[in-house]
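Here is how names work: the chains are called A, B, and so on, in the same order as the sequence lines, proteins then strands, and each is numbered from 1.
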Amino acid sequence: MADKNSEKNFKNVYFTESRELLDAMEMSLLSLEKDSEDEDSINSIFRAAHTIKGNSGMFGFGRIGDFTHVLENVLVGARSGTISVTPELIGLLLECHDFIQVLLDHYESEENRPLDQETEILFEGLITRLNKYIPDAENVKKLKEKVIEEIGVIDSSFSDKDGLRVANDCWHISLRFGKNVFKDGLDPYSFISYLGEKGEIVNIRSIYENMPYGEEMKGDLCYLGFEIDFRSGINKKEIEDVFDFVINDCDIRILPPNTSIEDYVKLIEDLPERTSGRVFHDNGKSSGRTSCG
Amino acid sequence: MKLKIVRKKAENNFLHFTLAGEMTVYSAGKLKDVLLNELKSCSGITIDLAEIDEADTSGFQLLLFLKREAANLGKSFRITEMSSRLRNIFNLYKEIV
């Protein structure tokens, strides 16, 4: 078992990342107000809701999960055009955004306290209004699968109720390349694209916390790492083989599918960066680390 | 190393660069020094990378670096065009710039 502190840190990651996702959601909602057909914005809102839902399930914040689940269903409709994006809907989505913030504040300050009556009424009220937009549950399910596939988010719904499990069917691969890989004539691109041929890179995040600022950074040295969620039928040995040529120049950690939270915590503690939130899949493309050009 | 850099002054103390050729480990060290210096001297940089026909992960890293450096200095950094070679790298790493 991970100790209490690790669990607390891990939960902090959840709250921080959820708030980042909410910020991204808000920005996209505001752009949607200007252009109600902007697909990127709808995708980003969907991603945020979807990821918060998955993570909430994992951390036992079921009410946030329940709420974002309904929200997500409406967004599926909006994205596939079965629900039109009216100013009223955008208004409702903004209210939902604010409400998720309320829920996060609540659970962060006092995890085990039930919601107070006023919040419950708000909760039900918003759910009722959201549900009015969803005509047909069966249809939503199908559409959702399609959306998830199209925009490449991880479906991290948690069906495993009995334990904290990172319920996805992906390998998790952490790579930290050595400083000299470029100079040694090796390009991480080749290895990772080769990996992509052996399965599906569901999610990948570049890690560059350890890259120096300003003059200290040397352009020909490598400061990069990657956190990868990889879906494939190949085994651990075969994954390691992909990185065979770079094995002396790269720190590789591999976690099998359906790894327990405790093992993820261990991995995070093992990694060189102090802030390791990014290990955790939040599909953070929406969180604006690098903006669109 | 084959890399051509064209620098143009733009409005509002911005600089616009057009790069053509290689963004690889062979050019990364020098290119980093050049662009970092330029970034310090202006309010923001726009950069056209449509003609980058050879690139590797060091080029990708350099762009992440400049983006972060610009944000850190309170300046703007924006890529206006990207060649398909660079686009492939960004697509693999699922980074948007």
Participant: Who wins among B/Gly29, B/Gly59, B/Ala71 for the most heavy-atom pairs under 4.5 Å with chain A?
Facilitator: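 The residue among B/Gly29, B/Gly59, B/Ala71 with the greatest pair count is B/Gly29.
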Participant: Might you point out which heavy atoms bring B/Leu92 and A/Ile204 nearest each other, and give the distance in Å?
Facilitator: O-CG2, 3.5 Å
Participant: Does A/Glu39 have any salt bridge (Lys or Arg N to Asp or Glu O under 4.0 Å) partners at least two apart in sequence or in another chain, and if so, which?
Facilitator: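 A/Arg79.
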Participant: Taking everything shown except B/Lys75 itself, do over 12 heavy atoms lie less than 6.0 Å from its NZ?
Facilitator: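 Atom NZ in B/Lys75 is packed in, count exceeds 12.
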Participant: Check whether any side-chain N or O of B/Glu69 sits under 3.5 Å from a backbone N or O of A/Gly214 as a donor-acceptor pair, and report yes or no.
Facilitator: yes
Participant: Might you work through the side chain to side chain contact (heavy atoms under 4.5 Å, CB included) test for B/Asp56 and A/Phe182, ending with a clear yes or no?
Facilitator: CA-CA 9 Å; B/Asp56 61 20; A/Phe182 299 150; 5.6 Å; no
Participant: Would you give the length of the straight line joining atom CD1 of B/Ile89 to atom CD1 of A/Ile192, rounded to the nearest 0.5 angstrom?
Facilitator: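 Between B/Ile89 CD1 and A/Ile192 CD1, I get 11.0 Å after rounding to 0.5 Å.
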Participant: Taking side chain as everything from C-beta outward and backbone as N, CA, C, O, which of these in A/Ile228 sits under 4.5 Å from a heavy atom of chain B? Side chain, backbone, both or neither.
Facilitator: neither
Participant: Kindly say whether A/Tyr223 contributes a backbone atom to a donor-acceptor pair with the side chain of B/Gln61 at under 3.5 angstrom?
Facilitator: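 A pair under 3.5 Å: yes.
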Participant: Highest number of heavy-atom pairs under 4.5 Å with chain A: which of B/Val25, B/Thr57, B/Thr24?
Facilitator: B/Thr57
Participant: Grab the two heavy atoms, one from B/Phe60 and one from A/Ser206, that are nearest each other, plus how far apart they are.
Facilitator: CZ-OG, 3.7 Å
Participant: Which pair of non-hydrogen atoms, one from A/Met211 and one from B/Arg68, has the smallest distance, and what is that distance?
Facilitator: O-NH2, 2.8 Å
Participant: Strictly less than 4.5 Å between heavy atoms, which residues of residues 33-41 of chain B line up against chain A? Please order them by number.
Facilitator: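 Residues of residues 33-41 of chain B touching chain A at under 4.5 Å: B/Leu36, B/Lys40.
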Participant: Is it true that, when you exclude B/Glu51 itself, more than 12 heavy atoms of the residues, nucleotides or ligands shown sit nearer than 6.0 Å to its CD?
Facilitator: no
Participant: Any donor-acceptor pair under 3.5 Å linking the side chain of A/Lys218 with the backbone of B/Ala28?
Facilitator: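 Here the side-chain-to-backbone pair does not exist.
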Participant: Once the angle between the rings of B/Tyr93 and A/Phe226 is folded into 0 to 90°, is it parallel (under 30°), tilted (30 to 60°) or perpendicular (over 60°)?
Facilitator: parallel
